[in-house]
Protein chains: 2
Amino acid sequence: MGSTDRPDLAAMLAPLTRSLIAMELPILDDHGLTMWAYSVLTALSAGPARGQGVLAQEIGADKTRIIATLDDLQARGLIERTPDPADRRARLLELTAAGRRLHGAAQAGIRAREEELLERLPAADRRGFLNALRILRASGPETGE
Amino acid sequence: MGSTDRPDLAAMLAPLTRSLIAMELPILDDHGLTMWAYSVLTALSAGPARGQGVLAQEIGADKTRIIATLDDLQARGLIERTPDPADRRARLLELTAAGRRLHGAAQAGIRAREEELLERLPAADRRGFLNALRILRASGPETGE
DNA sequence: TATTGTTATACTCTATAACTATA
DNA sequence: TATAGTTATAGAGTATAACAATA
């Protein structure tokens, strides 16, 4: 009855994700960023967001969770948060030049560490790993419900 | 300066792990198991454990976190928890026949779901993905400290 | 009335510290 | 005194519900 003879996927992915995050936290801290703050900067680096709710959903957070983060990022001049002229309830969010710079620096540090990790993999596995992540991410969580 | 042109690893792994867990929880629930309970059964399915602390560390938990879980599993006759004759402070932990059966059933359900997910991947990527997970898991978190 | 952002509250999960029993 | 297990407490993180402004 030894079906597939490997640990469960989640049993492998969860610790790997945890150690990846543990490895990235010191780097982010060097730049004065929390993980949520970095997630916000990353999302905004792809372009402005119309509405905090949209942004929150985009990074898998609750609307209420990122407010303190946005306050801080704005106070530090890393993002701009302006009322949407078309609907003054909503806020337009975008990176400032300083925000883009800081995100770039933090991301470079993270990428360097990630490369060290990926170098442990044979080229074929590395390619397959990254391809699989892209595919599984794209197909999304049409898993739960 | 578009270095690697892909999302950060953690940014891909974290949501994937989350959705994997979300997909497995209902299956575990059908068998009356929490994720920690399933982790315990999985660890013990490889063989008995000498000491709860050892078991906890093995599954990445705190000693205090799994006590209630062990109480429940024992009360349901899924594990045996006997004092170690050699050191009566410690407890020897092992699956009962019922525990082994339940773990097998739950794992089968999870594996079936996982296969559906993996079927979305081209064979080469699937192989590379699983290889990479094994390698990265083995090399462990010599990342943090 | 519905929605965006905000604030305040409650809840869950996890870690810390104190206790017992063995050694 | 040190350690395994247990229990009780406190803390962090998260979600839920109520509120103000705008539509």
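Each chain gets a letter, A, B and so on, in the order its sequence line appears, and its residues count up from 1. This structure is a prediction, so every number in the text was calculated from the model and none was measured.
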**Q** Under 4.5 Å between any side-chain heavy atoms of B:L92 and B:P83, yes or no?
**A** no

**Q** Who pairs with A:T64 by side chain to side chain donor-acceptor pair (under 3.5 Å), at least two apart in sequence or on another chain?
**A** A:D62

**Q** Near DNA chain D, counting only heavy atoms under 4.0 Å, which residues of residues 84-92 of chain B show up?
**A**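 Residues of residues 84-92 of chain B that come under 4.0 Å of DNA chain D are, in numerical order, B:R89, B:A90, B:R91.
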
**Q** My understanding is that only residues two or more places apart in sequence, or in another chain, count here; which of them pass side chain to side chain contact (heavy atoms under 4.5 Å, CB included) with A:A56?
**A** A:I66

**Q** Would you kindly give the CG-to-P distance between A:L93 and C:dT4, to the nearest whole Å?
**A** 13 Å

**Q** To the nearest angstrom, how far is B:R65 atom CZ from C:dT16 atom C1'?
**A** 13 Å

**Q** Taking side chain to side chain contact (heavy atoms under 4.5 Å, CB included) as the test, write out the residues that go with B:A98, two or more places apart.
**A**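 With neighbours one apart ignored, the set is B:L78, B:T96, B:R101.
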
**Q** Can you give me the closest heavy-atom contact between B:R137 and A:P7, atom names plus distance?
**A**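 Where B:R137 meets A:P7 most closely, the heavy atoms are NH2-CG, 3.7 Å.
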
**Q** For DNA chain D, which residues in residues 67-82 of chain B have a heavy atom at a distance below 4.0 Å?
**A**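 Residues of residues 67-82 of chain B under 4.0 Å from DNA chain D: B:I67, B:R81.
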
**Q** Between A:R6 and B:E114, is the closest basic N to carboxylate O distance under 4.0 Å?
**A** yes

**Q** Using whole Å, what does the distance between atom P of nucleotide C:dT3 and atom NZ of A:K63 come to?
**A**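 Interatomic distance, NZ of A:K63 to P of C:dT3: 9 Å.
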
**Q** Check B:E115 with B:R120, please: is the shortest side-chain N to carboxylate O separation under 4.0 Å?
**A**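 So B:R120 does not pair with B:E115 through a salt bridge.
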
**Q** List the residues meeting side chain to side chain donor-acceptor pair (under 3.5 Å) with A:R89, not counting sequence neighbours, and say none if there are none.
**A** A:D87

**Q** With sequence neighbours excluded, what pairs up with B:P48 under the side chain to side chain contact (heavy atoms under 4.5 Å, CB included) test?
**A** B:E94

**Q** For residues 41-54 of chain B, which residues have at least one heavy atom under 4.0 Å from DNA chain D?
**A** B:G51, B:Q52, B:G53

**Q** Can you pull the ring pair (Phe, Tyr, Trp, His ring centres under 6.0 Å) pairs that have at least one residue in residues 78-126 of chain B, sequence neighbours excluded?
**A**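 Non-adjacent pairs meeting ring pair (Phe, Tyr, Trp, His ring centres under 6.0 Å): B:Y38-B:H103.
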
**Q** Decide whether A:L41 and A:W36 are clustered together by the hydrophobic rule: side chain heavy atoms of Ile, Leu, Val, Met, Phe, Trp, Tyr closer than 4.5 Å, transitively.
**A**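 Yes: a chain of side-chain contacts under 4.5 Å links A:L41 to A:W36.
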
**Q** Cut-off 3.5 Å, no hydrogens considered: what does the side-chain donor-acceptor table look like for residues 24-32 of chain B, sequence neighbours left out?
**A**
none

**Q** Could you check whether any side-chain N or O of B:R65 sits under 3.5 Å from a backbone N or O of B:G60, counting only pairs where one atom can act as donor and the other as acceptor?
**A** yes

**Q** Using 4.0 Å as the upper bound for N to carboxylate O, is an ion pair formed by B:D125 and A:R127?
**A**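 Judged by the 4.0 Å cut-off on N to carboxylate O distance, A:R127 and B:D125 do not form a salt bridge.
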
**Q** Scan nucleotides 9-12 of chain C against the protein and return all N/O pairs shorter than 3.5 Å with their distances rounded to 0.1 Å.
**A**
none

**Q** Under the 3.5 angstrom rule, does the side chain of A:D84 hit a backbone N or O of A:A86 as a donor-acceptor pair?
**A** yes

**Q** Where does the chain B footprint on DNA chain D start and end, counting 5' to 3' with a 4.0 Å heavy-atom cut-off?
**A** D:dA2 to D:dT7

